[in-house]
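Reviewing the structure listed below.
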Amino acid sequence: MNVVKGALIDADYETVDSRAFLRLFVKDVRGRSLVIYDDSFLPYFYVLPEGEPERLAESIRRELGDSIRGVVRCTMRVMGRETEVLLIQAHHPRDVRTLRERLRVFPGVRSVHEHDILFARRYLIDRRLRPLSLLEMEVEERDGRVFLRGFREAAGGVPELKVAAVDIEVYNPKMAPRSREDPVIMISLADSEGRERVFSWKDSGQEFVEVCESEGEMIERFVEFVRKQDYDVIAGYNTDSFDFPYLKERAKLLGVSLGLGRGGEEVEVGRQGMMPEARIRGRAHVDLYPIVRKHVRLNSYVLENVVEEVLGIEKEKIDGARLFEYWDSGGERLEALMRYSLEDARVTLRLLEEFLPLYMELSTLVGQCLNDVSRMTSGQMVEWLLMRFASERGELIPNHPEGREYERRSRETYTGGYVREPRRGLVERVAVFDFRSLYPSIIVSHNIDPSTLMVGEACRESENRVPELDYCFSTERTGFIPEILRSLIERRAEVKRELGRAKEESLRRRLEVSQQALKILANSFYGYMGYPRARWYRRECAESVAAFARKYIREVMRIAEERFGLEVVYGDTDSLFVVIPEHREGVVEEFLRCVNESMPGMIELEFEGFYRRALFVTKKRYALLTQSGKIVVKGLEFVRRDWAPIARETQREVLRILLEEGDVEKAVRFVREVVERIRRGEVSMEEITIYTQLTKSIESYRSMEPHVVAAKRLRDRGMAVTPGMIIRYVITKGRESISKRAKPAEQVKLDEYDPNYYIENQILPAVQRIFEAIGYGADYLRAGIKQTSLRKWFN
DNA sequence: AAATGACGGGG
DNA sequence: GTGTACGTCATTT
């Protein structure tokens with residue numbers, strides 16, 4: 001028997017002689033990676049019987065016979081009540097699906113539970129195994145494999161992870177690269193030990209370039225490099241949706257392997273929901289794009305912008321449309337492209353370093369592998385945490401809602417957070433405060449949980465009634481959710497106390513990340529209970545939390561207004577926007593201290609930021625100008641490619657004029673000029689061309705949208721039209737539906753475009769709401785000089 | 001009014 | 001893979 005000290009990086013299973021062996025990918029404290037198997041875990045799920053459990057158990061055994069491994073009677077808590085259930089053991093994870101379908105309609109079965117928890121995830125939960133925590137594992141060797149016999153969590157730091165960031169460049173003479181035709185020209189890699197490589201099949205003479213014979217050889221050399229370096233984490237930017245799916249397509253076409261897995265497994269491009277996910281077995285593949293989107297509020301998430309905002313690094317951008325020219329022309333431009341490509345990998349590595357500690361901490365806390373946790377929303381993290389606690393306490397895990405139940409929940413509305421109608425228009429000097437942390441305190445102090453909820457009559461005597469609602473929560477027994485949440489809040493308080501004492505920088509960083517992770521989870525419980533897909537969804541609970549919160553939030557607003565004489569210009573659920581008059585900057589601190597002292601424990605009001613100017617349109621739609629001169633927009637954007645560039649540009653410029661210059665009249669003039677320009681035909685083809693992707697074959701469309709009609713016209717002229725193509729089209733003059741007037745950009749002359757469409761359906765919608773907030777209707781914007789006089793008479 | 005389909009990031 | 005995002009918007013039906 002041997003002992004391995006290390007941390008779990010990834011987990012999955014392998015089928016050996018039709019049995020499922022858990023595979024644990026472990027990094028030991030000496031930096032070696034190894035695979036540890038466990039063949040002692042079996043797939044299972046639960047059945048809730050309608051009547052007599054033993055009778056049901058017998059009939060299941062009789063009917064299903066050898067297709068199940070066994071039926072075991074056991075007791076679980078269901079909504080806090082001890083209940084007899086049957087545990088159905090399967091032979092193999094893949095059998096669970098058919099068994100579940102069978103048992104769902106089996107006489108005497110009320111419901112089937114815990115049937116959709118993936119095998120490796122279930123294993124981590126049941127064995128109380130936490131990824132990226134330090135473990136002492138007892139192992140033994142058998143048949144040439146290492147098996148886990150037992151483990152315990154040890155004190156001390158986790159071994160350092162070896163990380164690489166990757167990025168590919170693709171030849172794209174037709175703008176959008178087509179994986180069937182356009183080769184990958186470079187694969188760049190930067191790792192945590194300072195290695196920097198660009199694999200390519202042209203030689204630029206730069207020392208970091210590994211010159212390969214062909215595209216296929218380039219992919220093979222890259223794969224070989226990754227496997228030799230044996231990275232624990234592979235990071236990228238949008239690699240789930242672009243780099244790995246593209247590489248995989250190319251590899252397949254060229255007949256080479258993209259075997260980046262730790263056991264040489266191919267990269268698997270699967271699906272997490274609707275979104276593609278590239279899985280690299282044995283490692284964590286971390287796509288930073290969704291992560292950055294979760295943590296940083298930006299108008300644009302193009303890498304250059306993200307890197308500037310998050311890391312403060314100014315990075316050059318090579319125009320995607322021109323990229324292939326750099327490749328073709330060779331020489332200095334090829335060198336520039338190689339540098340650019342490597343720079344992308346480098347900054348991606350830096351981005352990863354920014355977020356990896358937090359996600360490692362979340363992975364351990366949530367108890368699921370880094371690869372998976374990096375793709376979870378905070379609500380999903382809460383759910384996995386709850387599932388783990390449920391398993392530890394013998395609580396039966398509720399099911400996800402099925403189709404109709406989900407529909408029903410989605411329609412269930414309730415009064416949410418308190419929203420203060422914004423003071424519409426431009427406002428100077430706005431401070432934003434955040435009270436998200438109020439919500440977890442409410443859940444804990446009022447014991448808000450599906451199992452403690454009482455409605456109506458039962459609440460008559462209760463001291464724990466919800467304001468404005470006919471609900472109350474029992475205080476006799478602590479609910480499952482408040483109990484877990486309390487432990488998170490207490491742990492966070494403890495970490496913060498330690499942080500107060502800690503001197504050493506690396507310890508401080510660890511504690512800071514730990515408190516941040518605990519905060520993210522704690523703050524997500526309220527949203528989780530009101531999330532229609534949640535296993536522990538309960539409208540009444542979310543509704544009650546919101547009702548309690550409204551009371552406290554109004555109180556905070558009253559303090560701002562009455563005690564400090566500050567104007568509250570907007571507030572939505574967990575935020576508060578306040579005007580800070582000139583020469584009263586100190587009031588921010590005073591206000592925070594006052595609020596945080598007057599409601600001890602409950603509210604931890606935080607200062608989110610100060611903005612030079614704000615434009616409020618309606619609730620949830622506003623734009624802010626930061627002190628550094630950045631414009632942050634919420635709920636107003638049309639920076640999408642299925643809008644004409646002229647509409648996007650006009651909106652951007654309007655917001656800029658309003659926020660930077662504060663000149664309403666100038667903004668109005670600007671829009672009118674654009675409108676006039678469109679009327680007079682003084683626009684370029686590029687400004688009015690709309691780009692929309694054809695996601696499937698023309699035949700499979702049920703409705704004839706503009707881009708589908710344009711695609712049809714392309715095909716009629718003998719062009720090859722394939723799914724995934726970006727259709728470029730212009731709306732032309734006429735009286736038919738918009739679609740019928742959509743023509744491919746290639747087939748249109750400039751004077752054919754329909755000014756009316758571009759004004760009414762593009763420019764005006766993009767700016768109308770903004771102007772309404774400052775008192776200008778669409779007519780005022782629409783009216784060019786000539787038309788103003790006409791309209792006056794005809795309206 | 002309901003259904004349908006597209007957006008994001010990547011090159 | 002014991003699986004199937006998300007929230008929002010325009011246009012068609």
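Atoms considered below: every heavy atom in the structure, side chains included; atoms not considered: hydrogens, waters and symmetry mates. Residue numbers begin at 1 in each chain, while the letters A, B, ... track the order of the sequences.
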Is there a side-chain polar atom (N or O) of A:Arg100 under 4.0 Å from OP1 or OP2 of C:dT2?
no
Using only heavy-atom distances, determine whether the side chains of A:Tyr537 and A:Glu405 contain a donor-acceptor pair under 3.5 Å.
no
With a 4.0 Å cut-off on heavy atoms, is A:Asp95 in touch with a base, just the backbone sugar-phosphate, or nothing at all?
nothing
Using the ring of A:Phe25 (Phe, Tyr or Trp, six-membered ring only), decide whether A:Arg283 places NZ or CZ under 6.0 Å from its centre and within 45 degrees of its axis.
no
Applying side-chain hydrogen bond (donor to acceptor under 3.5 Å, both in side chains), run through A:Thr348 and A:Tyr289 and close with a yes or a no.
CA-CA 10 Å; A:Thr348 304; A:Tyr289 166 60; over 6 Å; no
Using whole Å, what does the distance between atom P of nucleotide C:dT4 and atom CG of A:Asp372 come to?
13 Å
Would you say a side-chain N or O of A:Lys696 is under 4.0 Å from OP1 or OP2 of B:dG5?
yes
In whole Å, measure the gap between the C1' atoms of B:dC7 and C:dA5 for me.
14 Å
On the six-membered ring of A:Tyr301, is A:Arg293 placed so that its NZ or CZ lies under 6.0 angstrom from the centre and within 45° of the ring axis?
yes
Separation of the C1' atoms in C:dT2 and C:dC6, to the nearest angstrom:
24 Å
Roughly, in whole Å, what's the span from CG in A:Leu337 to P in B:dG10?
15 Å
Students often get this wrong, so: under 4.0 angstrom with heavy atoms, is A:Leu99 touching a base, only sugar-phosphate, or nothing?
nothing
Side-chain N or O of A:Ser703 closer than 4.0 Å to phosphate OP1/OP2 of B:dA3:
no
Mind checking if A:Tyr246 touches a base, just sugar-phosphate, or nothing, with heavy atoms under 4.0 Å?
nothing
Could you state the CD-P distance from A:Gln762 to C:dT11, rounded to the nearest angstrom?
7 Å
Looking only at side-chain N and O atoms, does A:His707 come under 4.0 Å of OP1 or OP2 in B:dA6?
yes
Any side-chain N or O of A:Arg94 below 4.0 angstrom from OP1/OP2 of C:dT2?
no
Does A:Tyr13 make a side-chain N or O approach to OP1 or OP2 of C:dT2 shorter than 4.0 Å?
yes
With no hydrogens and no angle check, just 3.5 Å: does a side-chain donor-acceptor pair link A:Asp328 and A:Tyr171?
yes
Please give, in whole Å, the distance from B:dC7 C1' to A:Ile726 CD1?
11 Å
Would you indicate, yes or no, if C:dC6 has its OP1 or OP2 atom less than 4.0 angstrom from a side-chain nitrogen or oxygen of A:Arg533?
yes
Take the protein atom CZ of A:Arg122 and the nucleotide atom P of C:dG1, then report the distance between them rounded to whole Å.
16 Å
Answer with yes or no whether A:Arg279 presents, from its side chain, a donor or acceptor under 3.5 Å of a partner atom in the base of C:dG3.
no
How many whole angstroms separate atom OH of A:Tyr237 from atom P of B:dG8?
13 Å
Whole-Å P distance, C:dG3 and B:dG9:
31 Å
Between A:Tyr701 and C:dT13, is there a side-chain N or O to OP1/OP2 distance below 4.0 Å?
no
Counting only side-chain nitrogens and oxygens, does A:Gln693 get under 4.0 Å of the OP1 or OP2 atom of B:dC7?
yes
Taking only the side-chain nitrogens and oxygens of A:Arg271, find out if one of them lies under 4.0 Å from OP1 or OP2 of C:dA5.
no
I'd like to know if the side chain of A:Ser739 pairs up with that of A:Tyr729 as donor and acceptor (distance under 3.5 Å, no hydrogens or angles considered).
no
Can a side chain N or O of A:Tyr301 be found less than 4.0 Å away from OP1 or OP2 on B:dG10?
no
Starting at the 5' end of DNA chain B and moving along, which residue's nearest nucleotide shows up first, A:Tyr289 or A:Asp344?
A:Tyr289
At less than 4.0 Å, is any side-chain N or O atom of A:Asn761 found next to OP1 or OP2 of C:dA10? Yes or no.
no
Can a side-chain donor-acceptor contact be found between A:Tyr622 and A:Asp572 if the only test is distance below 3.5 angstrom?
no
Once you round it to whole Å, what is the distance between C1' of B:dG9 and CG of A:Asp243?
10 Å
Please report, rounded to the nearest Å, how far the C1' atom of C:dA10 is from the CZ atom of A:Arg640.
8 Å
Would one find a side-chain N or O of A:Tyr757 under 4.0 angstrom from OP1 or OP2 of C:dT11?
yes
Check every strand shown and say whether A:Met275 touches a base, only sugar-phosphate, or nothing at a heavy-atom separation below 4.0 Å.
base
